[in-house]
Amino acid sequence: MTTTTTRRLVAAVLGAGVALFGTAVPAAQAAVAPGDTSVSVGRLVLEPTDRGYAGSLPVTVTYRGAKASYLNLTLTEPVPGAFAGLTPADACIFGSPQPLRTIDCLVPGGALQRGERRRFTVDFRVLTTPQAHAMRATGGRLTVETGDANPANDTSGFATLFRSTTGSLRSPQPYVWDTQPDASLAVGSATLSRQEDGSWLGRLPVTVRSAGDAAHDAYWLDPRLPAGVSLVGIEPEEACAANCAVAGGRFMEGEERTVALLLRAPAEVAPGDLGSGSVRLYAVFGWGDELTDVDPSDNSADFRVTAVVD
């Protein structure tokens, strides 16, 4: 699949993710009125869970503009891919993923009134294995864009602490994340059965495993099928055209999932061996560019397709 096609498909996935965080506001409504505005943040502590670490950063915005206005918020993630939304939710779009991803949002809750102080949280999840020692990450930054004359008040950096599995925050070690995905796949075989309309339909089981904690938005499957066999979907259902996304979103470190590509052949195909194909696995992050795996040799696997009369 071409890079252009990949980006279109990922844009659709990311668009769905933005919808989870809120509904877009017309640009005219999002215009910022000049005024002395300030932002302050609390402490971000990520707690160990059964799915990595999760936590929320408390944020307070004080607005002193002359008239009610929507305010824009720019966040730099402390860990790539960690942003999980705002509470309450509002519209967000994703910026450049390098070196740390930036996210642009509206301050949730609609337009702020003159003199209003508004509180909300920025939520994070880091899909890495919880450790018995505390960890820390730096580089997180939050800016409210107001166009006022006192920009020093508009930006606040923050550090991130990971609580240990024993409950401690003492003596945190630097958290070092993987910079490349380390994934693999295993593929079964596809057996197609005759349908009522005479065509053939079957499932190709594919198991995907992610060994590392590198930032990614999704894993995709790129099948190459024998002549006369076409791809018609994936189970569980996900975005699927020439390629298919693996359902469930981002992978936890060490997580494994099994999906099935749905294959079809026309009625005129005779039963028997229909030939061989292959499936390639790849990860995307940010604007849809493919990531380079640690070991590309285990990112592809061959399979055979057979049509069998029940």
Side-chain angles (χ1 to χ4, degrees), residues 14 17-18 21 37-49 51-61 71-87 90 92-108 119-131 133-146 151-164 168-182 210 212-217 250-253 283-289 291-292 294:
L14 294 181
V18 169
F21 300 145
T37 302
S38 63
V39 60
S40 62
V41 302
R43 187 169 71 159
L44 176 57
V45 177
L46 300 179
E47 305 286 349
T49 72
R51 188 170 172 78
Y53 292 85
S56 297
L57 176 72
V59 180
T60 301
V61 172
L71 299 184
N72 297 320
L73 180 75
T74 299
L75 168 75
T76 301
E77 293 178 308
V79 175
F83 176 69
L86 303 176
T87 301
D90 216 312
C92 292
I93 58 173
F94 299 96
S96 170
Q98 297 295 335
L100 290 172
R101 186 170 63 170
T102 58
I103 297 100
D104 293 310
C105 308
L106 292 180
V107 170
R119 296 179 175 87
F120 58 95
T121 64
V122 183
D123 306 323
F124 297 90
R125 182 173 290 276
V126 179
L127 298 179
T128 192
T129 303
Q131 300 295 318
H133 58 269
M135 298 186 292
R136 68 179 187 274
T138 59
R141 183 167 294 276
L142 190 145
T143 299
V144 175
E145 299 178 43
T146 63
N153 290 337
D154 297 345
T155 299
S156 181
F158 60 91
T160 302
L161 290 174
F162 297 70
R163 193 182 300 278
S164 74
S168 175
L169 290 173
R170 298 182 60 185
S171 303
Q173 301 177 21
Y175 169 49
V176 180
W177 54 82
D178 293 334
T179 58
Q180 291 179 271
D182 183 10
S210 179
D213 63 357
H216 63 283
D217 290 316
R250 296 186 298 144
F251 275 66
M252 171 71 185
E253 181 179 15
V284 295
F285 183 57
W287 288 108
D289 292 325
L291 303 178
T292 302
V294 170

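When every heavy atom of Phe124 is checked against every heavy atom of Pro78, the shortest pair comes out as CE2-CD, 3.7 Å. Contact detail for Gly52 and Pro130: the closest heavy-atom pair is O-CG, 3.8 Å. Nearest approach of Arg250 to Asp217, heavy atoms of both residues: CG-O, 3.7 Å. The two atoms that bring Arg125 and Ala84 nearest to each other are N-CB, 4.1 Å, heavy atoms only. Residues Ala82 and Glu77 share a closest heavy-atom pair of N-OE2, 3.0 Å. Nearest heavy-atom pair across Val79 and Ala137 is CG2-CB, 4.0 Å.
Between atom CH2 of residue Trp177 and atom CE of residue Met135 there is a gap of 11.0 Å, rounded to the nearest 0.5 Å. Separation of atoms CG (Leu86) and CG (Asp123) is listed at 7.0 Å; rounding is to 0.5 Å. For the atom pair CG (Leu44) and OG (Ser56), the distance works out to 8.0 Å, reported to the nearest 0.5 Å. Interatomic distance, Met252 CE to Leu127 CG, rounded to the nearest 0.5 Å: 6.5 Å. A distance of 7.5 Å separates CG in Asp182 from OG in Ser210, rounded to the nearest 0.5 Å. Taking CG of Leu57 as the start and CZ of Arg43 as the end, the distance is 11.5 Å to the nearest 0.5 Å.
Residues Gln131 and Gln173 have side chains not in contact (no heavy-atom distance under 4.5 Å, counting atoms from C-beta outward). Within the 4.5 Å cutoff, the side chain of Thr37 has heavy atoms near those of the Val61 side chain. In this structure, Ile103 and Cys92 have side chains that are in contact, with non-hydrogen atoms separated by less than 4.5 Å. You'll find the side chain of Leu46 reaches within 4.5 Å of the side chain of Val126, heavy atoms only. Between Pro181 and Phe251 the shortest side-chain heavy-atom distance does not fall below 4.5 Å. Between Pro58 and Val41 there is no side-chain heavy-atom pair separated by less than 4.5 Å. In this structure, the side chains of Leu73 and Phe120 come closer than 4.5 Å at one or more pairs of heavy atoms. Looking at Phe158 and Leu75, their side chains come closer than 4.5 Å, going by heavy atoms from C-beta outward.
For the pair Arg101 (side chain) and Ala215 (backbone), a donor-acceptor distance under 3.5 Å is absent.
Relative ring orientation between Phe83 and Phe94 is described as perpendicular, the plane-to-plane angle rising above 60° on a 0-90° scale split at 30° and 60°. Using the six-membered ring where Trp is involved, Tyr175 and Phe162 have ring planes that are tilted, between 30° and 60° apart.
With 3.5 Å as the limit, one finds no donor-acceptor pair spanning the side chains of Asn72 and Thr74.
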CA sep, side-chain torsions, deciding dist, call: Asp154, Thr143, side-chain hydrogen bond (donor to acceptor under 3.5 Å, both in side chains): CA-CA 6 Å; Asp154 297 345; Thr143 299; over 6 Å; no

If you apply the rule side chain to side chain contact (heavy atoms under 4.5 Å, CB included), what do you find for Gln180 with Asp178, and how did you get there? CA-CA 6 Å; Gln180 291 179 271; Asp178 293 334; over 6 Å; no

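By the side-chain hydrogen bond (donor to acceptor under 3.5 Å, both in side chains) test, Thr128 pairs with Asp213, Glu253, sequence neighbours left out.
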